[in-house]
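This structure is a prediction, so every number in the text was calculated from the model and none was measured. The figures that follow rest on heavy atoms only: side chains count, while hydrogens, waters and symmetry mates do not.
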Amino acid sequence: LVYSWRLGLFAPGGAEIEREMGLDPCPPGFIGRLVHTDGSSEDPLMRGVKGLFLPCKYYLGDPYAAKLIPSPKKGWKTLACFDNSDVPAVALRRNEGFTEVYASIPNGFSVPFLRNVARTVGFEPIMETDDLSGYGSGLFYIVAQTDGVKRFRLPDGKKPGKTLEGPTCGILSDGSCEVSLKRSQVFVLEVLD
């Protein structure tokens, strides 16, 4: 199960809940800053994550919700800091049976990070590139964002069927599939049991 929430935002006594979680008020001057990462983190969730990590993206009610930062003193491991600082913006805390990830700026995780989260929890299909894709009702599709080979893995027990749009895909020895697409090209594949 993967879900996103902020425990104390709408809860009675929310500020106390957030303090107990190890979240502290964001220092002045960091609200509105971006978060970049240099790709040096060794955490599996950060594999291939480099560059812009969290944009300053406003969401419903944003001006009214206090920005918080995860406290290393409460077991949070820093994954990324606000630009040009050592103030944690993204951190994780691994517990028995679950992992928590906290982002001071919600709704802006990079695609490689989300792919790593999906891979960690066993979600498939997984694209190995940042192209648009979707799966459902027996169909898998890709809308290529760049020219090149697109690798993907279908869910366990599923296999590629007829290609409904685009070139035929190949099946690799590790069970993944690949197809060569040009930018803006659409690929649609029937998925069989």
Side-chain angles (χ1 to χ4, degrees), residues 1-11 17-18 20-23 35-55 57 59 68-72 74-81 88-145 149-160 169 171-179 187-193:
L1 176 66
V2 177
Y3 60 94
S4 176
W5 67 333
R6 181 169 164 186
L7 280 171
L9 189 56
F10 300 110
I17 291 170
E18 291 173 338
E20 288 173 15
M21 287 183 60
L23 303 174
V35 178
H36 285 81
T37 183
D38 62 8
S40 65
S41 175
E42 295 181 15
D43 191 274
L45 290 180
M46 297 295 283
R47 190 185 102 208
V49 179
K50 187 173 182 180
L52 183 62
F53 188 38
L54 292 178
K57 183 175 179 181
Y59 60 96
L68 302 172
I69 59 169
S71 171
K74 296 287 188 168
W76 290 100
K77 175 185 170 189
T78 301
L79 296 179
C81 293
V90 182
L92 70 81
R93 189 163 56 180
R94 287 191 168 89
N95 302 283
E96 189 173 329
F98 67 97
T99 298
E100 298 170 280
V101 176
Y102 184 81
S104 296
I105 306 170
N107 303 325
F109 287 116
S110 69
V111 171
F113 180 80
L114 294 175
R115 187 169 39 246
N116 290 341
V117 169
R119 184 178 286 120
T120 299
V121 298
F123 176 84
E124 294 184 278
I126 300 289
M127 286 289 301
E128 293 296 330
T129 59
D130 296 345
D131 298 283
L132 301 176
S133 68
Y135 173 70
S137 300
L139 299 175
F140 173 75
Y141 72 86
I142 300 171
V143 180
Q145 302 300 294
V149 174
K150 313 303 177 183
R151 289 189 68 183
F152 61 93
R153 182 175 298 279
L154 294 173
D156 287 341
K158 305 290 184 181
K159 60 185 177 186
C169 70
I171 303 173
L172 304 175
S173 60
D174 67 356
S176 63
C177 302
E178 68 178 19
V179 62
F187 169 76
V188 181
L189 179 70
E190 178 184 32
V191 178
L192 305 173
D193 291 325

Does Arg94 have more than 12 heavy atoms from other residues, nucleotides or ligands lying within 6.0 Å of its CZ? yes
So, do Pro88 and Ser71 sit near enough that their side-chain heavy atoms are less than 4.5 Å apart? no
Using salt bridge (Lys or Arg N to Asp or Glu O under 4.0 Å) as the criterion, list what pairs up with Arg93, not counting sequence neighbours. Glu100
Report yes if the side chains of Asn116 and Pro44 come closer than 4.5 Å at any heavy-atom pair, otherwise no. no
Test of understanding: with side chain to side chain donor-acceptor pair (under 3.5 Å), list the residues that count as partners of Ser176, not counting sequence neighbours. Arg151, Asp174
Just how far is it from atom CG of Leu23 to atom CD1 of Ile17, taken to the nearest 0.5 Å? 11.0 Å
Side chain to side chain donor-acceptor pair (under 3.5 Å) involving Thr129 - partner list, sequence neighbours excluded: Asp131
To check you understand the geometry: which heavy-atom pair defines the closest contact between Glu190 and Leu139, and what is its length? CA-CD2, 4.1 Å
Pairing residues for Cys169 by the side-chain contact (heavy atoms from CB on, under 4.5 Å) criterion, not counting sequence neighbours: Phe152, Pro160, Cys177, Val179, Phe187, Leu189
side-chain contact (heavy atoms from CB on, under 4.5 Å) involving Phe113 - partner list, sequence neighbours excluded: Leu45, Met46, Val49, Phe53, Leu79, Val101, Phe109, Ser110, Val117
Considering residues at least two apart in sequence or located in another chain, which fulfil the salt bridge (Lys or Arg N to Asp or Glu O under 4.0 Å) criterion with Glu128? Arg119
Who passes side-chain contact (heavy atoms from CB on, under 4.5 Å) against Lys77, sequence neighbours left out? Asp43
Quick one: does Thr37's side chain have a donor or acceptor within less than 3.5 Å of a partner on Lys50's backbone? no
Kindly compute the distance separating NZ (Lys159) from CG (Leu154), expressed to the nearest 0.5 Å. 11.5 Å
Please lay out, stage by stage, how Met127 and Lys150 fare under the test side chain to side chain contact (heavy atoms under 4.5 Å, CB included). CA-CA 7 Å; Met127 286 289 301; Lys150 313 303 177 183; 4.2 Å; yes
Partner residues of Asp38 under the side-chain contact (heavy atoms from CB on, under 4.5 Å) criterion, sequence neighbours left out: Ser40
Under the salt bridge (Lys or Arg N to Asp or Glu O under 4.0 Å) test, which residues partner Lys158, sequence neighbours left out? Asp193
